[in-house]
Number of protein chains: 2
Amino acid sequence: MKTVSNVVRDYPHVSARTRERVQRAIDELGYRPNMMGRRLATGKTGLLTLAFADVGIPYFAELARVVSRAAEARGYRVLLEETDATLDGERGILASSEAGLVDGMLFQPSVMSSTEIARHRSDLPIVLLGETAAPLTVDRVMIDNVAAAAEVTRHLIAAGRRRIGFVGHEEPALSETSRQRIMGYQSALEEAGLQPDAGLLFPSASISAADAAAAVGAALDRGASFDALVCRDDLAAIGALRALHERGLRIPEDVAVTGWDDIRLAGMMFPSLTSVAPDLDALASQALDMLFERMAGFDGMGRHRIAPHGLVLRESAP
Amino acid sequence: MKTVSNVVRDYPHVSARTRERVQRAIDELGYRPNMMGRRLATGKTGLLTLAFADVGIPYFAELARVVSRAAEARGYRVLLEETDATLDGERGILASSEAGLVDGMLFQPSVMSSTEIARHRSDLPIVLLGETAAPLTVDRVMIDNVAAAAEVTRHLIAAGRRRIGFVGHEEPALSETSRQRIMGYQSALEEAGLQPDAGLLFPSASISAADAAAAVGAALDRGASFDALVCRDDLAAIGALRALHERGLRIPEDVAVTGWDDIRLAGMMFPSLTSVAPDLDALASQALDMLFERMAGFDGMGRHRIAPHGLVLRESAP
DNA sequence: TTGAAAGCGCTAACAG
DNA sequence: CTGTTAGCGCTTTCAA
């Protein structure tokens with residue numbers, strides 16, 4: 001029994017002859033190791049949960065891809081879990097009454113508060129993704145949203161834009177993501193001596209191109225005037241493009257537009273989207289590094305890491 | 001031990017008093033049932049694999065979402081597996097040397113041949129998704145691609161289009177998906193007395209908007225002339241829109257464009273995309289129905305089911 | 001209605 | 001280097 005186990009797992013101290021004999025039997029019988037047995041015995045499942053709002057949102061889909069590849073490289077598989085950005089959904093993720101299904105979890109909360117996350121004392125190693133306020137006790141990776149938002153805003157200012165709006169944040173309850181991006185946007189305006197104008201903030205009913213288009217369209221129809229839009233994410237930017245196109249405005253001549261996330265389709269819009277590009281590979285590997293350290297027993301304070309980002313200049317805001 | 005097990009699983013024949021006593025102990029101790037133990041004992045894992053090329057492709061991301069919700073409603077979780085549309089990737093999925101990790105699998109092959117799939121005698125219940133030729137022995141769900149392609153082509157013909165191209169299939173090796181769509185397209189042309197023109201087939205180097213844009217752009221630049229494009233999928237359509245825009249052609253006035261899959265962003269393009277809309281909910285639930293029957297022991301011939309589809313008319317081909 | 005015993009398929013510790 | 005003996009945490013008989 002043990003010898004077979006050793007052969008299956010490539011344990012070195014097995015004589016070539018025995019190994020070969022066992023292997024032949026394995027092949028003949030079509031034996032497949034049963035994971036559940038192995039995992040019960042070792043206590044490791046080889047599974048990770050990746051939880052976020054909705055795979056149908058391109059950013060998350062691309063994140064899932066990157067995480068899943070990175071996990072696979074470390075011998076892990078990924079279980080996808082969607083919260084629909086609801087409190088219940090997110091609580092369900094943390095509560096998930098069954099233990100031992102996964103060895104660790106990568107979790108991007110949308111609405112849960114830092115304190116509620118902190119209160120959840122679970123034995124499951126967790127690393128948080130994204131900007132939602134993370135408790136000091138929990139690891140987290142994000143990009144520097146404030147800095148990136150300031151960069152993109154500065155880029156517009158340098159191109160001569162003076163009335164710069166912001167599109168796509170939630171209302172009335174701002175997500176931490178939106179808050180940080182708006183902070184960066186505002187600080188860049190102020191640093192250039194421009195007056196932030198609350199009338200140039202255009203919230204969207206949901207994270208979707210359709211709602212962003214509706215918001216920008218309504219603003220234009222009631223006479224709002226701006227020469228650039230910083231969008232919370234690429235979906236909002238795509239919606240903004242659509243609303244502007246519909247009303248015959250030229251992009252970027254009349255209004256420059258920037259997105260965020262640099263999703264695959266960003267370059268295929270017309271005009272193509274200038275966008276903040278988080279380094280997903282770095283983000284995923286930093287997150288997994290910390291998660292594996294936790295799984296290996298590390299029990300220190302929460303580490304908060306910053307993943308790099310870039311700004312990809314395209315036609316919508318050259 | 002057994003009594004606790006009974007309480008945990010809500011087995012009815014436990015006295016109220018005992019149940020209450022056990023429950024209190026569970027709460028105090030923070031006991032969580034360990035899935036691996038349960039699953040080893042029952043032989044069921046509660047896990048399903050969903051395998052396809054790439055979650056970064058919007059259609060697959062949306063499919064993942066629908067499947068994952070439908071599976072959850074039946075008490076199952078979904079393990080995501082990507083093949084990158086490579087033969088090795090797909091073989092790896094079928095071979096996956098460990099048994100017992102999942103109870104069943106939904107698999108959308110991209111390149112594997114029907115015979116190779118058939119040859120793979122595995123004890124794992126499988127249902128195939130999509131058009132790739134499926135062996136008679138294996139269950140499969142798809143939409144009627146030939147019919148849908150004919151419908152969309154007829155729609156263009158009815159709108160007065162006469163030189164209708166097809167965009168986005170592979171070259172030189174056509175996928176079964178593309179083959180069926182081209183068949184439907186061609187049959188609608190012929191039925192209207194239009195001459196199919198091989199010069200109006202514009203293959204794309206990959207399933208991506210960028211390559212489709214390059215293909216359509218190159219065709220236009222070498223003088224190809226057409227008044228409508230049936231695109232293999234929405235990504236190809238988005239690429240086609242881009243190439244047409246770049247060259248100052250009006251859509252739909254000069255060229256009408258149709259997509260396929262009706263991804264979320266289809267309605268947000270400018271102009272918004274007319275698209276074939278597969279009924280993903282129906283597709284997922286039919287697939288899961290058959291999969292659960294297999295998991296329950298059904299061992300008959302492969303069932304080949306057709307899920308419904310619609311045609312969503314939007315600005316690009318009203 | 002409750003409890004005792006056996007075993008799911010594997011690995012870890014130990015002995016030979 | 002190989003084999004034996006105990007579990008991992010649960011469920012499933014089967015008795016009490």
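Numbered from 1 within each chain, the chains take letters A, B, ... in sequence-line order.
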Exercise for the section: Please state how far atom CG in B:Asn6 lies from atom P in D:dT13, giving the value in whole angstrom units. Expected result: 13 Å
Practice task
Check whether any side-chain nitrogen or oxygen of A:Arg9 sits under 4.0 Å from OP1 or OP2 of C:dA12, and answer yes or no.
Solution key: yes
Handout entry: Protein-nucleotide distance (B:His13, atom NE2; D:dC14, atom P), rounded to Å
Key = 18 Å
Problem - Donor-acceptor pair between B:Glu176 and B:Thr132 side chains, under 3.5 angstrom - result: no
Fill in the blank from the handout: From the candidates D:dC1, C:dA13, C:dT1, the one with an atom nearest any side-chain atom of A:Lys2 is C:dA13
Exercise for the section: Please determine if a side-chain N or O atom of B:Thr3 lies less than 4.0 Å away from the OP1 or OP2 oxygen of C:dG3. Expected result: yes
Practice task
Give the rounded distance in Å between these two atoms: CG of B:Leu40 and C1' of D:dC8.
Solution key: 8 Å
Fill in the blank from the handout: Taken to the nearest whole Å, CZ/B:Arg21 to C1'/C:dG3 is 13 Å
Practice task
May I have the distance from B:Ile26 (atom CD1) to D:dC10 (atom P), rounded to whole angstrom?
Solution key: 10 Å
Exercise for the section: Check whether any side-chain N or O of A:Tyr11 sits under 4.0 Å from OP1 or OP2 of C:dA12, and answer yes or no. Expected result: no
Problem - Rounded distance in Å - CG (A:Leu101) to C1' (D:dC10) - result: 14 Å
Practice task
Send over the distance from A:Glu20 CD to D:dC1 C1', rounded to a whole Å.
Solution key: 17 Å
Problem - B:Asp84 and A:Arg69 ion-paired at < 4.0 Å - result: yes
Handout entry: Closest to the B:Ala41 side chain, choosing from C:dA12, D:dT11, C:dC10
Key = D:dT11
Practice task
Specify the residue among B:Thr42 and B:Arg19 whose closest nucleotide of DNA chain C lies further upstream toward the 5′ end.
Solution key: B:Arg19
Practice task
Would you tell me if any nitrogen or oxygen in the side chain of A:Ser5 comes within less than 4.0 Å of OP1 or OP2 on C:dT11?
Solution key: yes
Exercise for the section: Say whether, by atom type as modelled, one donor and one acceptor occur between the side chain of A:Glu62 and the main chain of A:Ile263 under 3.5 angstrom. Expected result: no
Handout entry: Interatomic distance, A:Arg39 CZ vs D:dG7 P [rounded to whole Å]
Key = 24 Å
Handout entry: Test: B:Asp234 and B:Arg264 ion pair at under 4.0 Å
Key = no
Practice task
Quick one: sort the B:Phe292 and B:Tyr76 rings into parallel, tilted or perpendicular, breaks at 30° and 60°.
Solution key: perpendicular
Exercise for the section: Check whether any side-chain nitrogen or oxygen of B:Arg38 sits under 4.0 Å from OP1 or OP2 of D:dG9, and answer yes or no. Expected result: no
